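The first residue in the sequence is number 1, and the count goes up from there. In this text the structure is predicted, and so the values were computed from the model without any measurement.
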Amino acid sequence: MCYQIITDATADMDWALWDAAVIPMEVMVGRQLRRYGPEGDLSVENFYDALRRGERASTSQITIDTYNCVFEEYLRKGTDILYLSFSSGMSGTFQSACISAAELRMRYPKRKILCVDTRSASIKEGFLVYKAARRKAEGMGLEALADWAAGQIGRVRCRFLVDDLNTLKRGGRISPATALMGTTLQIKPLLTINGNGRLELVGKIRGRRRAIDSLLDYYARNSGQEGPVLIGHGDCRPDADGLAQQVKARFPGARVLIAPVGPVIGAHTGPGMLSIAFWGAEQEPDGKWAHPWHADAIE
């Protein structure tokens with residue numbers, strides 16, 4: 001069972017908990033091109049400090065050449081690959097990975113490269129990678145794990161609140177008038193990642209405290225009680241700690257993990273973003289989640 005799980009730097013999690021490789025991603029902060037991920041030159045703290053100073057940030061997808069370089073490092077050693085990708089609903093990253101995999105299969109016909117579109121991002125993607133790494137450690141084979149990951153995407157529930165409406169305005173996701181009104185009234189948008197792997201507004205709550213409480217209520221209504229619970233934060237660790245304490249008080253047996261939301265996602269959600277991800281009691285009811293991994297074809 002010689003294969004490597006690989007993901008990208010959009011998957012927010014404590015990477016030390018994984019048996020998975022993480023591909024760094026580029027982030028433009030102001031006029032500087034930075035690199036976020038293992039051995040990168042951009043920390044989460046420095047990134048959010050820059051945003052608070054008024055710096056603009058933008059991101060770019062992983063290139064085919066980068067995928068070729070990362071994948072080939074393992075293929076040359078005789079190691080197969082399971083790549084768990086950032087959502088195709090938000091980026092062309094998955095398509096680039098599939099093109100790279102198709103090219104490399106021609107050069108390494110004895111090796112397997114399986115790419116799964118997680119239709120997820122941030123801690124939702126990180127949670128799925130964490131669970132997949134646990135399955136691998138338990139002895140699950142490459143094809144079986146690819147099938148498992150593709151079939152379980154809808155079990156990962158995630159919801160998050162955005163504190164800085166001006167960040168959403170700069171990204172073109174809300175109008176300037178909506179941003180101004182929402183900021184004045186202390187409106188906090190609640191978002192999720194839907195079955196197509198895209199951001200979807202699911203509610204608007206007045207006041208940050210009430211919005212944070214709604215994350216706990218969402219967990220209470222939908223949790224399958226299979227740990228852990230993953231809390232992500234955009235440089236607001238005290239709020240993440242507070243939510244973790246609420247979860248533990250209401251569900252004493254819950255194991256809570258806390259992770260920063262990195263620059264790739266934070267560039268679009270801004271400081272103060274708070275999110276929760278967990279294993280749901282059942283699949284999302286819309287039935288859109290199951291998605292086959294790509295072995296030899298590119299859709």
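Side-chain contact between L230 and M13 is present, with at least one heavy-atom pair separated by less than 4.5 Å. No side-chain heavy atom of I23 sits less than 4.5 Å from a side-chain heavy atom of F86. Looking at Y108 and R76, their side chains come closer than 4.5 Å, going by heavy atoms from C-beta outward. In this structure, the side chains of L274 and I231 come closer than 4.5 Å at one or more pairs of heavy atoms. For the pair I99 and Y67, the minimum side-chain heavy-atom distance is 4.5 Å or more. In this structure, the side chains of F160 and L190 stay at 4.5 Å or more apart for every pair of heavy atoms. Annotation: side chain of W15 is not in contact with side chain of L17 (no heavy-atom distance under 4.5 Å). Side-chain contact between I5 and L145 is present, with heavy atoms from C-beta onward closer than 4.5 Å.
Seen from the ring of Y218, R159 counts as a face-on cation partner, given the 6.0 Å and 45° thresholds. Remark: K136 qualifies as a cation-pi partner of Y3 under the 6.0 Å distance and 45° angle criteria applied to the six-membered ring.
Summarising the geometry, atom CG belonging to N68 is positioned 8.0 Å from atom OG1 belonging to T63; distances are rounded to the nearest 0.5 Å. How far CD of Q4 is from OG1 of T79: 7.5 Å, rounded to the nearest 0.5 Å. Separation of atoms CH2 (W279) and CG (N222) is listed at 14.5 Å; rounding is to 0.5 Å. Here the CG atom belonging to L161 is positioned 8.5 Å from the OG atom belonging to S275, to the nearest 0.5 angstrom. The distance from the CD1 atom of I6 to the CH2 atom of W18 is 12.0 Å, given to the nearest 0.5 Å. In this structure, T59 OG1 and R34 CZ are separated by 15.5 Å, a value rounded to the nearest 0.5 Å.
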Item checked: Worked check of side-chain contact (heavy atoms from CB on, under 4.5 Å) between M90 and I193 -> CA-CA 10 Å; M90 301 184 201; I193 300 172; 3.8 Å; yes

Next item on the list: Check step by step if side-chain contact (heavy atoms from CB on, under 4.5 Å) holds for S120 and I153.
Entry: CA-CA 8 Å; S120 305; I153 294 169; 4.1 Å; yes

Next item on the list: Report the C-alpha distance between Q95 and S100 in whole Å, list the side-chain angles of each, state the deciding distance to 0.1 Å, and finish with yes or no for side-chain contact (heavy atoms from CB on, under 4.5 Å).
Entry: CA-CA 9 Å; Q95 183 70 6; S100 169; over 6 Å; no

Notebook entry, point to check: side-chain contact (heavy atoms from CB on, under 4.5 Å) between T269 and L191: does it pass, once the steps are laid out?
Noted result: CA-CA 10 Å; T269 56; L191 300 101; over 6 Å; no

Checklist line | Candidate pair D49 and R53, rule salt bridge (Lys or Arg N to Asp or Glu O under 4.0 Å), full reasoning | finding: CA-CA 6 Å; D49 284 346; R53 291 195 305 268; 5.3 Å; no

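Among all heavy-atom pairs drawn from P24 and R35, the shortest one is CG-NH2, 3.4 Å. The two residues C98 and C115 come nearest to each other via the heavy atoms SG-CB, 4.2 Å. Here the closest non-hydrogen pair linking L84 and A149 is CD2-CB, 4.1 Å. Nearest heavy atom pair, residue H233 against residue C236, reads ND1-N, 3.1 Å. Taking every heavy atom of both residues into account, A57 and A267 meet most closely at CB-CB, 3.9 Å. Contact between G266 and Y48 at its shortest, heavy atoms only, is CA-OH, 3.5 Å.
Not one N or O on the side chain of R119 forms a donor-acceptor pair closer than 3.5 Å with the backbone of G89. No donor-acceptor pair under 3.5 Å is formed between the side chain of S122 and the backbone N or O of K124. Panel note: side chain R105, backbone I113; a donor-acceptor pair is recorded below 3.5 Å. Of the possible polar contacts, none joining the D80 side chain to the R111 backbone as a donor-acceptor pair under 3.5 Å is found. Between the side chain of R208 and the main chain of G272, a donor-acceptor pair closer than 3.5 Å is present. Q61 places a side-chain N or O within 3.5 Å of a backbone atom of G92 that can act as its donor or acceptor partner.
Here R237 pairs with D241 in a salt bridge; the nearest charged N to carboxylate O distance falls below 4.0 Å. The existence of a salt bridge linking D235 and R52 is confirmed by a sub-4.0 Å separation between a basic side-chain nitrogen and an acidic carboxylate oxygen.
T10 and D8 share a side-chain donor-acceptor pair at under 3.5 Å. Side-chain contact annotation: D117 with S85, donor-acceptor N/O pair under 3.5 Å absent. Side-chain contact, T7 with E125: a donor N or O sits under 3.5 Å from an acceptor N or O. Side-chain contact, S96 with T93: no donor N or O sits under 3.5 Å from an acceptor N or O.
Between F94 and Y83, the distance from one ring center to the other does not fall under 6.0 angstrom.
Annotation for M28: hydrophobic cluster partners, listed by chain and number, are L33 (ILVMFWY side-chain heavy atoms under 4.5 Å, direct or chained).
In this structure, K112 places its NZ atom where only 12 or fewer heavy-atom neighbours from other residues, nucleotides or ligands lie under 6.0 Å away. Residue R134 qualifies as open at atom CZ: its count of foreign heavy atoms under 6.0 Å is 12 or below. Annotation for R31: atom CZ does not count as buried by contact number, only 12 or fewer foreign heavy atoms lying within 6.0 Å. For K110, the NZ atom is loosely surrounded, since the number of other residues' heavy atoms within 6.0 Å does not exceed 12.
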Report, one line per pair, each donor and acceptor closer than 3.5 Å where one atom sits in a side chain of residues 248-264; sequence neighbours left out.
{"from": "R250", "atom 1": "NH1", "to": "D217", "atom 2": "OD1", "distance (Å)": "3.3"}
{"from": "R255", "atom 1": "NH1", "to": "Y130", "atom 2": "OH", "distance (Å)": "2.8"}

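The salt bridge (charged side-chain N to carboxylate O under 4.0 Å, His left out) test applied to R107 returns E72, not counting sequence neighbours.
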